[in-house]
Asks: 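Let me give you the structure first, and then I'll get to my questions.
Every chain is numbered from 1 and lettered A, B, ... according to where its sequence line falls, protein lines coming before strand lines. This structure is a prediction, so every number in the text was calculated from the model and none was measured.
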Amino acid sequence: MIFDNQYEQQRIEKAETLRTLGKNPYTHNIKKDSTTQEFKKCFEYVRDSDPMRDENKENTVAGRIKFLRHMGKAAFAKIEDETGILQIYFSRESIGEDWFKEAKKLIEVGDIVCVTGFPFVTKTGELSLHVRALELATKSITPLPEKFHGLTDKELRYRKRYLDMIMNPNVKETFKIRSKIVSTIRHFFEERSFLEVETPMMHPIAGGANAKPFVTHHNALGIDRYLRIAPELYLKRLVVGGFEAVFEINRNFRNEGMDQTHNPEFTMIEFYWAYHTYHDLMDLTEEMFTVLLKKLNLPTKIPYGDIEIDFAGKFRKISYIDSLVDIGGIPLDVVQSKEKIISYLKGKGEDVNEQLSLGKLYEELFDLYVEEKLIDPTFIIDYPIEISPLARRSDKNPDVAERFELFIAGREIANGFNELNDPIDQYNRFKAQLDAKDAGDDEAHEMDEDYVQALGYGLPPTAGQGLGIDRLTMLLTNEQSIRDVILFPSMKPIKEEIQIKEDEK
RNA sequence: GUCUUGUUAGCUCAGCUGGUAGAGCAUUUCCCUUUUAAGGAAGUGGCCGUUGGUUCGAAUCCAACACAGGACACCA
């Protein structure tokens, strides 16, 4: 049975008692005049009057009781609403002897109340509401965690986010900022004539990235569908169709591990810009960060954990190969040959797969010696073609793709490139992926013939970029775990929950 | 997936080399009309994550499992 805990039983009885007294514990006719913080602002002047009260004013506020202190024939409580917390005072005189006597027993921490009264300042100098009418809005059956330490158990915080929000008000702050980040980005692109679109979440072929998909089943059609791992191929179809600047902010699903920077469902913005290059994308990205910091009232230097990130000025740009030498500290002659890289890595005590191609070896070096050092925003540009299967090959250097990634705080934040729009080349690359799949690479791309067909009609020269909203939010809210910027992060079910479900069947 | 740490009252946590289960807050009863984690007095409240093993005896030692945190790996 749910609510079989002794404390919950006590509270259910209290709700029943309230009913017998003619007071609905779940009333619905609540009208408040102001929020708790509006109340404080509005009546701040009371501090300057003598006595420090204004009995002619009357105001109704509502909120959840977070603290309750009874003192014989009077009581103080702190009630909290979305905006903050406010102290209220009520006594035998102020709400009537009978109701005071009952309320003392029946109204407790966790309940949501609606109070009407006038502003006054207490002996200790706190602007408070002197209650003339006290009404219960919602009876809380489940008691709140302890008032001082609150709720710290991370598992409970993620599983019961509502409780986390009640007990840790700064959590609400983080998600308000997240909301503001998303709306700022949305407006940023709208103002620049990008069109927001929605493309399918269920794909017949999981494409646009190398990742394991989630599979679901469509009963009517009798076929499997994949939850999308990226919207990329659909967005580019739209560019073929004639939308020259499109963006989508939505969820992607990847059937992979979970850790501090990975959640199976995560939010990305992807945008595609015809007749522009990846250099334009980098300029746009810089501009977007400037606008974001301004809208969030953040300085150009922000703390992140133990480090500080400096967004001032143009972001550093350095080529992939140069970064290995200049940032990774790898000797120039080592970078030039496969054999030297292998012996260099071995000399550092790393396990090296000697079968790796030069491009893959670069990637090893980059991940080991460069990535974590990229603290201030840095564009790494001109990627090895081998590790950039969807990007356009450089006309100047056939080993290099016209691609960049943005790194901040040692983490990849965005990935953009000039799109491959040669349909024959694309067809052959898909074919190569098929061969890889046959050879056992279960993350290799499927052939998406319809997409190749679309390219056959002509994709104008286009640059496209993806940017992880969750990781961006982590940076701007100084959170170290992706679970702290996702309202309901993925969690394994607890055994008991499954058993309860089976019992109910 | 590997390593590691944790799981004890509603919450936050003690519990040593095995010997009847502890505290604070919350809750219940009582006192208290300006408190700030209010205060004072007395109570209630435990499948010590689950299942096995060792032992006369296990919250404690061992094993497996479950869930979680951290690190690493995987994942462009």
Asks: Indicate, with a heavy-atom threshold strictly under 4.0 Å, whether A:Tyr383 touches base, sugar-phosphate, or nothing.
Replies: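 A:Tyr383: no heavy atom of the nucleic acid under 4.0 Å.
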Asks: Taking only N and O in the side chain of A:Gln480, is any of them less than 4.0 Å away from OP1 or OP2 of B:G70?
Replies: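 False: A:Gln480 side-chain N/O out of range (4.0 Å or more) of B:G70 OP1/OP2.
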Asks: Rounding to the closest angstrom, what is the interatomic distance between B:U5 and B:G49 at atom C1'?
Replies: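 Nearest-Å result for B:U5 against B:G49 at atom C1': 15 Å.
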Asks: Residues two or more places apart in sequence or in another chain: which of them pass ring-ring contact (aromatic ring centres under 6.0 Å, His included) with A:Phe404?
Replies: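 So A:Phe404 forms a ring-ring contact (aromatic ring centres under 6.0 Å, His included) with A:Phe379.
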Asks: Calculate the interatomic distance between A:Gln260 atom CD and B:A73 atom P; express it in whole Å.
Replies: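 Computing the A:Gln260:CD to B:A73:P distance gives 13 Å.
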Asks: Counting C-beta onward and ignoring hydrogens, is there a side-chain heavy-atom pair between A:Glu405 and A:Tyr383 closer than 4.5 Å?
Replies: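 Answer yes - side chains close enough.
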Asks: Roughly how many Å is it from NZ in A:Lys212 to C1' in B:C74, rounded to a whole number?
Replies: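 Distance, rounded to whole Å: 7 Å.
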Asks: Is A:Arg403 close enough to B:A76 that one of its side-chain N or O atoms is under 4.0 Å from OP1 or OP2 there?
Replies: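 No, A:Arg403 has no side-chain N/O under 4.0 Å of OP1/OP2 on B:A76.
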Asks: State whether a side-chain donor-acceptor pair under 3.5 Å links A:Gln465 with A:Thr285.
Replies: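 Side-chain D/A pair, A:Gln465 to A:Thr285: present.
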Asks: If I pick the C1' atom on B:G19 and the same atom on B:U35, what distance separates them, to the nearest angstrom?
Replies: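 Per the computed distance, 47 Å lies between those C1' atoms.
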Asks: Which nucleotide in the list B:A73, B:A76, B:A38 gets nearest to the side chain of A:Asp259?
Replies: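 Closest nucleotide to the A:Asp259 side chain: B:A73.
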Asks: Of all residues at least two apart in sequence or in a different chain, which pass the side chain to side chain donor-acceptor pair (under 3.5 Å) check with A:Arg411?
Replies: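 Once residues adjacent in sequence are excluded, the partners of A:Arg411 under the side chain to side chain donor-acceptor pair (under 3.5 Å) criterion are A:Tyr304.
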Asks: Whether the side chain of A:Glu126 and the base of B:U35 hold a donor-acceptor pair under 3.5 Å is what I'd like checked.
Replies: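 A donor-acceptor contact between them is absent.
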Asks: Within the 4.0 Å heavy-atom criterion, would you say A:Tyr362 contacts the bases, only the backbone, or no part of the nucleic acid?
Replies: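 Nothing, no nucleic acid heavy atom in range.
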Asks: Are OP1 or OP2 of B:U35 and a side-chain N or O of A:Arg69 less than 4.0 angstrom apart?
Replies: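 So the side chain of A:Arg69 is outside the cut-off, no N or O lying under 4.0 Å from OP1 or OP2 of B:U35.
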Asks: Can you tell me how far C1' in B:G52 sits from the matching atom in B:C13, rounded to whole Å?
Replies: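 Each nucleotide's C1' atom is 29 Å from the other's.
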Asks: From the set B:U35, B:C13, B:A76, return the single nucleotide nearest to any side-chain atom of A:Thr152.
Replies: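 Of the candidates, B:C13 comes closest.
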Asks: May I ask you to say what A:Glu8 touches in the nucleic acid, namely base, sugar-phosphate or nothing, with a heavy-atom cut-off under 4.0 Å?
Replies: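 The answer is nothing, as A:Glu8 stays clear of every strand by at least 4.0 Å.
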Asks: Using the side chain to side chain contact (heavy atoms under 4.5 Å, CB included) criterion, which residues pair with A:Ala463? Sequence neighbours excluded.
Replies: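 For A:Ala463 the side chain to side chain contact (heavy atoms under 4.5 Å, CB included) partners, ignoring immediate neighbours, are A:Leu281, A:Asn418.
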Asks: Looking across every strand, which nucleic acid part, if any, lies under 4.0 Å from A:Asp153 by heavy atom: base, sugar-phosphate, or nothing?
Replies: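 Sugar-phosphate, no base atom in range.
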Asks: Between A:Phe67 and A:Phe148, does the ring centroid distance fall short of 6.0 Å?
Replies: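 No; A:Phe148 has its ring centre 6.0 Å or more from that of A:Phe67.
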Asks: Output the single nucleotide from B:C75, B:A76, B:C11 whose closest atom is nearest the side chain of A:Leu151.
Replies: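 Among the listed nucleotides, the one closest to the side chain of A:Leu151 is B:C11.
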Asks: Taking the P atom in each of B:U54 and B:C67, what is the distance between them to the nearest angstrom?
Replies: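 Those two atoms are separated by 27 Å.
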Asks: Does A:Glu446 have any side chain to side chain donor-acceptor pair (under 3.5 Å) partners at least two apart in sequence or in another chain, and if so, which?
Replies: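 So A:Glu446 forms no side chain to side chain donor-acceptor pair (under 3.5 Å) with any residue.
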Asks: Hey, what's the ring geometry for A:Tyr451 with A:Phe430, parallel, tilted or perpendicular (30° and 60° as the breaks)?
Replies: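 Perpendicular, since the angle between the ring planes exceeds 60°.
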Asks: Rounded to the nearest 0.5 Å, what separation is found between the CG atom of A:Asp224 and the CZ atom of A:Phe214?
Replies: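 Atom-to-atom, A:Asp224:CG and A:Phe214:CZ are 14.5 Å apart.
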Asks: If we call it a pair only when both distances are under 3.5 Å in a Watson-Crick or G-U wobble match, what pairs with B:G70?
Replies: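 Checking every strand shown, B:G70 finds its partner in B:C3, with both distances under 3.5 Å.
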Asks: Just N and O in the side chain of A:Lys154: are any of them under 4.0 Å from OP1 or OP2 of B:A68?
Replies: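 No, A:Lys154 has no side-chain N/O under 4.0 Å of OP1/OP2 on B:A68.
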Asks: Could you please name the partner base of B:A38, counting Watson-Crick and G-U wobble pairs only when both distances are under 3.5 Å?
Replies: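 Answer to the pairing question: none, since B:A38 forms no Watson-Crick or G-U pair.
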Asks: What interatomic distance, in whole Å, is found between P of B:G10 and the corresponding atom of B:U27?
Replies: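 One P to the other, the span is 15 Å.
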Asks: Taking a pair as Watson-Crick or G-U wobble with both distances under 3.5 Å, which nucleotide is matched to B:C13?
Replies: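 Across all strands, the one nucleotide that pairs with B:C13 is B:G22.
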Asks: Rounded to the Å, how far apart are A:Lys104 NZ and B:A38 P?
Replies: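 One finds 16 Å between P of B:A38 and NZ of A:Lys104, rounded.
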Asks: So if I take every side-chain heavy atom of A:Lys73 and compare against B:A76, B:C67, B:C32, which nucleotide ends up nearest?
Replies: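 So the side chain of A:Lys73 is nearest to B:C32.
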Asks: Taking RNA chain B as the partner, which of residues 36-45 of chain A come within under 4.0 angstrom of it by heavy atom?
Replies: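 Within this stretch, nothing sits under 4.0 Å of the strand.
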Asks: Is any side-chain nitrogen or oxygen of A:Asn5 closer than 4.0 Å to OP1 or OP2 of B:G10?
Replies: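 A:Asn5 to B:G10 OP1/OP2: side-chain N or O found under 4.0 Å.
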Asks: Is the count of non-hydrogen atoms from other residues, nucleotides or ligands lying under 6.0 Å from A:Lys41 atom NZ greater than 12?
Replies: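 Open.
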Asks: For B:A58, give the paired nucleotide (Watson-Crick: N1-N3 plus N6-O4 or O6-N4; G-U: N1-O2 and O6-N3; both under 3.5 Å), or none.
Replies: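 In the structure as shown, B:A58 has no Watson-Crick or wobble partner.
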Asks: Using side chain to side chain donor-acceptor pair (under 3.5 Å) as the criterion, list what pairs up with A:Thr477, not counting sequence neighbours.
Replies: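 Per chain and number, A:Thr477 pairs via side chain to side chain donor-acceptor pair (under 3.5 Å) with no residue.
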Asks: Show me the protein contacts with nucleotides 46-49 of chain B, counting only N or O atoms at under 3.5 Å.
Replies:
none

Asks: Just to verify, what does A:Asp326 make a side chain to side chain donor-acceptor pair (under 3.5 Å) with, not counting sequence neighbours?
Replies: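 Applying side chain to side chain donor-acceptor pair (under 3.5 Å) to A:Asp326 gives none.
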Asks: When the distance from CG of A:Leu156 to C1' of B:G69 is rounded to whole Å, what number comes out?
Replies: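 Going from A:Leu156 (CG) to B:G69 (C1'), I get 13 Å.
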Asks: Determine, for nucleotides 22-30 of chain B in 5'-to-3' order, which nucleotides have protein heavy atoms under 4.0 Å from the base (write B), from only the sugar-phosphate (write S), or from neither (write -).
Replies: --BBBSS--
Asks: Measure up the A:Tyr89 and A:Phe76 rings against each other and bin them: parallel (under 30°), tilted (30 to 60°), perpendicular (over 60°).
Replies: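 Answer is tilted, since the angle falls between 30° and 60°.
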Asks: Tell me: CD1 of A:Ile12 to C1' of B:G10, nearest whole Å?
Replies: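 Between C1' of B:G10 and CD1 of A:Ile12: 14 Å.
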Asks: In this structure, how many angstroms lie between the P atom of B:C74 and the CG atom of A:Asn263, rounded?
Replies: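 So the CG-P distance, A:Asn263 to B:C74, works out to 20 Å.
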Asks: Quick one, which residues of residues 78-86 of chain A touch RNA chain B with a heavy atom under 4.0 Å?
Replies: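 Of all residues in residues 78-86 of chain A, the ones placing a heavy atom under 4.0 Å from RNA chain B are A:Lys78.
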Asks: A:His203: what forms a ring-ring contact (aromatic ring centres under 6.0 Å, His included) with it, not counting sequence neighbours?
Replies: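 Checked A:His203 against ring-ring contact (aromatic ring centres under 6.0 Å, His included); matches are A:Tyr234.
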Asks: If I pick the P atom on B:U60 and the same atom on B:G18, what distance separates them, to the nearest angstrom?
Replies: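 Those two atoms are separated by 11 Å.
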Asks: Can you tell me the pairing partner of B:A64 across any strand shown, Watson-Crick or G-U wobble, with both distances under 3.5 angstrom?
Replies: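 In the structure as shown, B:A64 has B:U50 as its Watson-Crick or wobble partner.
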Asks: Could you check A:Thr267, A:Ile469, A:Thr473 and say which one makes a side-chain contact (heavy atoms from CB on, under 4.5 Å) with A:Val485?
Replies: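 For A:Val485, the side-chain contact (heavy atoms from CB on, under 4.5 Å) check succeeds only for A:Thr473.
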Asks: Do other residues, nucleotides or ligands put more than 12 heavy atoms under 6.0 Å from A:Lys101 NZ?
Replies: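 No, not enclosed.
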Asks: What's the gap between B:A14 and B:G39 when it is taken at their C1' atoms, as a whole Å value?
Replies: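 My reading of the C1' atoms in B:A14 and B:G39 gives 25 Å.
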Asks: Taking atom C1' in both B:U51 and B:U7, compute the distance separating them and give it to the nearest angstrom.
Replies: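 Straight-line distance between the two C1' atoms is 16 Å.
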Asks: Find the distance A:His262:NE2 to B:G69:P and express it as a whole number of Å.
Replies: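 Value for this atom pair: 16 Å.
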Asks: On RNA chain B, compare the nucleotides closest to A:Met491 and A:Glu363; which residue's is nearer the 5' end?
Replies: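 That would be A:Met491.
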Asks: Under 6.0 Å from the ring centre and within 45 degrees of the ring axis: does the NZ or CZ of A:Lys104 meet both conditions for the six-membered ring of A:Trp99?
Replies: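 No; the conditions do not both hold, so A:Lys104 does not lie above the ring face of A:Trp99.
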Asks: Applying a 3.5 Å limit to both distances, which nucleotide forms a Watson-Crick or G-U wobble pair with B:G43?
Replies: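 Across any shown strand, B:G43 pairs with B:U27.
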Asks: Once side chain to side chain donor-acceptor pair (under 3.5 Å) is applied, what residue pairs with a partner in residues 64-80 of chain A remain, sequence neighbours excluded?
Replies: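 For residues 64-80 of chain A, and leaving out neighbouring residues, the side chain to side chain donor-acceptor pair (under 3.5 Å) pairs sorted by first residue read A:Lys66-A:Glu80, A:Arg69-A:Gln87, A:Lys78-A:Glu126.
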